[in-house]
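Scroll down for the structure; my scribbles are underneath it.
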Amino acid sequence: MLDLKFVCENIEKVRKNLNQRGDFSKLLDQISAANEKRKKIITESEKLRQEQNKVSEEIAKLKKEKKDAKRQISEMKGVSDRIKQFETELNHEEKKIKDILLNVPNLLHDSVPVGKDSQDNKEIRKWGTPPKFDFTPQDHLVLGEKLNIIDIERASKISGSRFALLKGWGAKLERALINFMLDLNTKEGGYQEILPPFMVNQTAMTGTGQLPKFSEELFKVQDSEYYLIPTAEVPLTNIYRDEILDKSQLPLYLTAYTPCFRREAGSYGKDVKGLIRQHQFNKIELVKVVEPESSYEELEKLTQDAEKILQRLELPYRIISLCTSDMGFGAAKTYDLEVWFPSQNCYREISSCSNFEDFQSRRMNLRYRPDPKSKPRFPHTLNGSALAVGRTLIAILENFQQKDGSIKIPQALQSYVGTDKI
RNA sequence: GGAGAGGUGGCAGAGCGGUUGAAUGCGGCGGUCUUGAAAACCGUUAGGCCCGUAAGGGUCUCGGGAGUUCAAAUCUCCCCCUCUCCGCCA
């Protein structure tokens with residue numbers, strides 16, 4: 001959520017920035033107008049309240065002295081009604097402002113490349129070289145079926161489309177990856193491991209920005225107010241919602257393994273084959289809460305933490321900076337990590353690392369105190385996948401496949417899987 | 001699921017419907033004392049919003065919402081959460 005005051009005081013600047021994401025001009029004007037009205041109402045009603053408080057005090061004094069206060073009481077009867085009227089109007093304007101503000105995306109950082117679609121995303125760097133095969137490499141589905149470790153058909157029998165069943169070494173590899181990533185994040189990255197709830201309430205979803213705008217992407221649990229998390233970002237970032245953290249608690253580094261649940265509405269026909277796009281997938285997430293001054297430095301570090309996993313797994317990847325039109329709703333800047341997929345002969349997203357600045361912390365009223373004497377401020381929040389586990393698994397299958405259809409296990413992972421080949 | 005208890009400032013814990021944003025204690029910060037520290041003593045210590053260049057002034061907030069009243073932390077109703085006991089259960 002943007003700062004109302006900032007928006008109203010810098011409306012042309014905000015308009016120009018948001019123009020890169022779409023047309024929010026009308027909404028901004030509505031906000032500005034509603035805010036003017038709001039301020040007027042407040043000024044008027046506070047005058048009345050002041051009078052009410054003063055006279056109430058007089059009444060109290062008179063009563064104490066056992067004197068008559070009838071005149072004052074009847075005088076105040078009308079005042080109280082008018083205050084209530086103002087209150088109603090004020091609530092109306094404030095709700096209007098909040099409803100709009102919750103649906104306005106974050107301002108983009110100056111360094112975000114300008115572009116009109118994903119073609120304009122900017123490659124930042126590349127690591128590793130795509131493997132050369134002296135045979136035609138298979139895609140992960142073919143490999144998975146041959147090895148009897150991925151079963152899509154039976155998964156659709158018990159659930160539906162966009163679900164998968166991992167079996168035997170497949171299941172074990174997935175589990176090994178989870179442990180490997182968590183270990184790396186905690187031991188080398190300094191992240192605290194969290195095992196959060198996989199269902200959260202509406203307030204949490206609003207805090208990180210999934211609601212109110214993107215409800216069609218979420219699974220809601222019937223007969224309850226719970227939503228299945230689409231990413232661990234939601235429970236992790238919301239842990240300290242409505243709190244004022246001490247400066248000594250920052251920076252906060254959190255990591256968690258969770259399954260993620262997404263409706264994938266609007267992705268009909270996209271990635272229908274295989275494990276790329278599922279309704280349920282495993283992910284290890286990194287979340288940071290940091291002081292504003294250091295957040296962009298922290299974004300670089302967080303991205304490197306995610307990269308490190310791919311490097312240890314010897315998977316070739318590249319990093320791109322998402323361009324203005326490809327950026328997500330709440331992010332000010334995003335790097336995507338894309339891993340090499342031999343079967344598709346291209347890089348595909350395996351992690352997304354973003355700085356949300358104070359967009360989320362303002363939504364969830366998460367603050368920190370820079371020092372004991374100063375006012376609380378909104379910290380910056382960041383998150384990134386490290387990594388999407390299912391996509392990592394298939395990247396390993398495809399990049400480490402051998403001529404005979406077997407899969408070599410990357411060195412770093414062998415002790416976790418318990419074999420060097422499947 | 002059943003029965004009961006309770007939600008007040010960073011924490012603990014008071015609070016006859018009327019100068020109570022809120023006693024007191026602890027903690028935090030500043031100071032006095034001390035060679036230094038501790039102790040003791042003194043002072044200070046919530047957040048949001050509005051007006052104002054500022055100094056400052058005003059206003060709201062005692063889990064959330066609605067109501068009664070000239071006036072609500074205090075009374076009424078609804079909701080949420082926590083704890084204890086019983087039942088069920090991984």
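Each chain gets a letter, A, B and so on, in the order its sequence line appears, and its residues count up from 1. Nothing here was measured: the structure is a model prediction, and the numbers come from that model.
Proximity of R369(A) to the phosphate of rA46(B): no side-chain N or O atom is located under 4.0 Å from OP1 or OP2.
Mapping R49(A) and R367(A) onto RNA chain B by nearest heavy atom places R367(A) closer to the 5' end of the strand.
Residues satisfying the side chain to side chain donor-acceptor pair (under 3.5 Å) test with E75(A), not counting sequence neighbours, are R71(A). With sequence neighbours left out, N53(A) forms a side chain to side chain contact (heavy atoms under 4.5 Å, CB included) with no residue at all. Taking R263(A) as the reference, nothing meets the salt bridge (Lys or Arg N to Asp or Glu O under 4.0 Å) condition, with sequence neighbours excluded. Not a single side chain to side chain contact (heavy atoms under 4.5 Å, CB included) links A33(A) to another residue, sequence neighbours left out. The salt bridge (Lys or Arg N to Asp or Glu O under 4.0 Å) test applied to R154(A) returns D151(A), not counting sequence neighbours. The salt bridge (Lys or Arg N to Asp or Glu O under 4.0 Å) test applied to E264(A) returns R277(A), not counting sequence neighbours. Here E217(A) pairs with nothing under the salt bridge (Lys or Arg N to Asp or Glu O under 4.0 Å) rule; sequence neighbours left out.
Counting heavy atoms of neighbouring residues, nucleotides and ligands inside a 6.0 Å radius, atom CD of E153(A) does not exceed 12 of them.
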Each nucleotide in nucleotides 50-55 of chain B should get exactly one letter: B, S or -. Can you fill that in based on protein heavy atoms under 4.0 Å? BS----
Using a 4.0 Å heavy-atom cut-off, write out nucleotides 61-70 of chain B from 5' to 3' as B (base contacted by protein), S (sugar-phosphate only) or - (no contact). -------S-B
Letter per nucleotide, 5' to 3', of nucleotides 73-83 of chain B [B base touched, S only sugar-phosphate touched, - untouched; heavy atoms, 4.0 Å]: -----------
Let me check I have this right: for RNA chain B, each base becomes ., (, ), [, ] or |, based on Watson-Crick or G-U pairs with both distances under 3.5 Å. What is the full string? ((((((((.[[[..)..(.....]]]((((((.......))))))((((((....)))))).[[[[[..)....]]]]])))))))....
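Residue N53(A) is classed as a sugar-phosphate contact, given heavy-atom separations below 4.0 Å to backbone atoms only. When heavy atoms are screened at a 4.0 angstrom cut-off, K47(A) is found touching no nucleic acid atom at all.
Listed here is the closest heavy atom pair of L382(A) and S295(A): CD2-O, 3.4 Å.
Considering K301(A), E357(A), H380(A) in turn, E357(A) is the only one that fulfils the side-chain hydrogen bond (donor to acceptor under 3.5 Å, both in side chains) rule with Y296(A).
A salt bridge is defined here as a Lys NZ or Arg NE, NH1 or NH2 lying under 4.0 Å from an Asp or Glu carboxylate O, and R312(A) with E307(A) fails to meet this definition.
Applying the side chain to side chain donor-acceptor pair (under 3.5 Å) test to every pair with at least one member in residues 16-37 of chain A, sequence neighbours left out, gives these pairs: R15(A)-S25(A), R15(A)-D29(A), N35(A)-R38(A), K37(A)-E93(A).
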Show your reasoning for whether ring-ring contact (aromatic ring centres under 6.0 Å, His included) applies to Y347(A) and Y317(A). CA-CA 7 Å; Y347(A) 291 95; Y317(A) 66 89; 8.4 Å; no
